[in-house]
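Structure record follows, encoded as structure tokens.
Both backbone and side-chain heavy atoms feed into the values below; hydrogens, waters and symmetry mates do not. Bear in mind the structure is a predicted one, so any value in this text is a computation, not a measurement.
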Amino acid sequence: MTDDNKEQAFLGAAKKTLDESLDTIDAATLTRLRAARRVAITQSGPAPWKLWRNAWAPAGALTAVALVAVTAVSLWNADTQDPVVPLAWEEAPILGSADDLEFYQELEFYYWLQDEQKLG
């Protein structure tokens, strides 16, 4: 018999003995055992996973609030941005030429001058 098999046989015999002795415990001993168990549970404090959860809960809540705030600001600013206006093909020569930019900057003046000459 290997060590592993011996250990399994020992554990099986111990479990059987303990289960049999549990059936023969008198009521007074059973009451004392239950009271001792209750005292041990109340004195042990919260489970470690509950402590971890309670420690990280504020950080998780703060992260969630920050995520909602960033999303709200992003959506708010999305509507206020100027849309991109596509370039008309007629404007391409204006942007391509480096000379006579003053002419295009004063274009409204030339339109006004043209209208005045028509009227006069």
Side-chain angles (χ1 to χ4, degrees):
M1 209 178 222
T2 65
D3 288 336
D4 200 28
N5 290 341
K6 288 180 185 177
E7 186 177 337
Q8 290 298 325
F10 172 74
L11 289 175
K15 182 178 180 336
K16 182 180 176 187
T17 304
L18 290 172
D19 286 343
E20 287 173 358
S21 68
L22 184 62
D23 294 336
T24 60
I25 293 178
D26 60 293
T29 306
L30 193 56
T31 304
R32 285 192 348 232
L33 284 173
R34 286 182 181 152
R37 181 175 183 270
R38 267 188 252 113
V39 168
I41 288 174
T42 57
Q43 290 178 352
S44 68
W49 66 270
K50 288 184 180 177
L51 292 174
W52 180 84
R53 181 190 66 192
N54 292 340
W56 286 98
L62 185 61
T63 303
V65 168
L67 182 62
V68 168
V70 167
T71 303
V73 168
S74 298
L75 292 174
W76 183 282
N77 287 338
D79 294 335
T80 60
Q81 294 176 352
D82 293 333
V84 177
V85 179
L87 179 67
W89 286 109
E90 296 85 27
E91 297 171 356
I94 297 172
L95 296 175
S97 68
D99 53 1
D100 295 330
L101 287 180
E102 290 179 14
F103 171 77
Y104 295 109
Q105 290 173 348
E106 301 294 330
L107 198 54
E108 288 183 28
F109 171 74
Y110 291 116
Y111 284 136
W112 175 81
L113 188 59
Q114 182 182 8
D115 290 340
E116 287 294 318
Q117 289 175 355
K118 287 181 185 177
L119 293 174

Working to the nearest 0.5 angstrom, can you tell me the gap between [X] [atom1] and [Y] [atom2]?
| X | Y | atom1 | atom2 | answer |
| --- | --- | --- | --- | --- |
| Gln114 | Phe109 | CD | CZ | 12.0 Å |
| Asp115 | Tyr111 | CG | OH | 10.0 Å |
| Asp26 | Arg32 | CG | CZ | 8.0 Å |
| Thr71 | Leu75 | OG1 | CG | 6.5 Å |

message: My understanding is that only one of Leu18, Thr17, Asp19, Leu11 makes a side chain to side chain contact (heavy atoms under 4.5 Å, CB included) with Lys15; could you say which?
response: Asp19

query: How close do Ser21 and Thr24 get, heavy atom to heavy atom, and via which atoms?
result: O-OG1, 3.0 Å

- request: Identify the heavy atoms of Thr29 and Ile25 that sit nearest to each other, and give their distance.
  value: CB-CG2, 3.7 Å

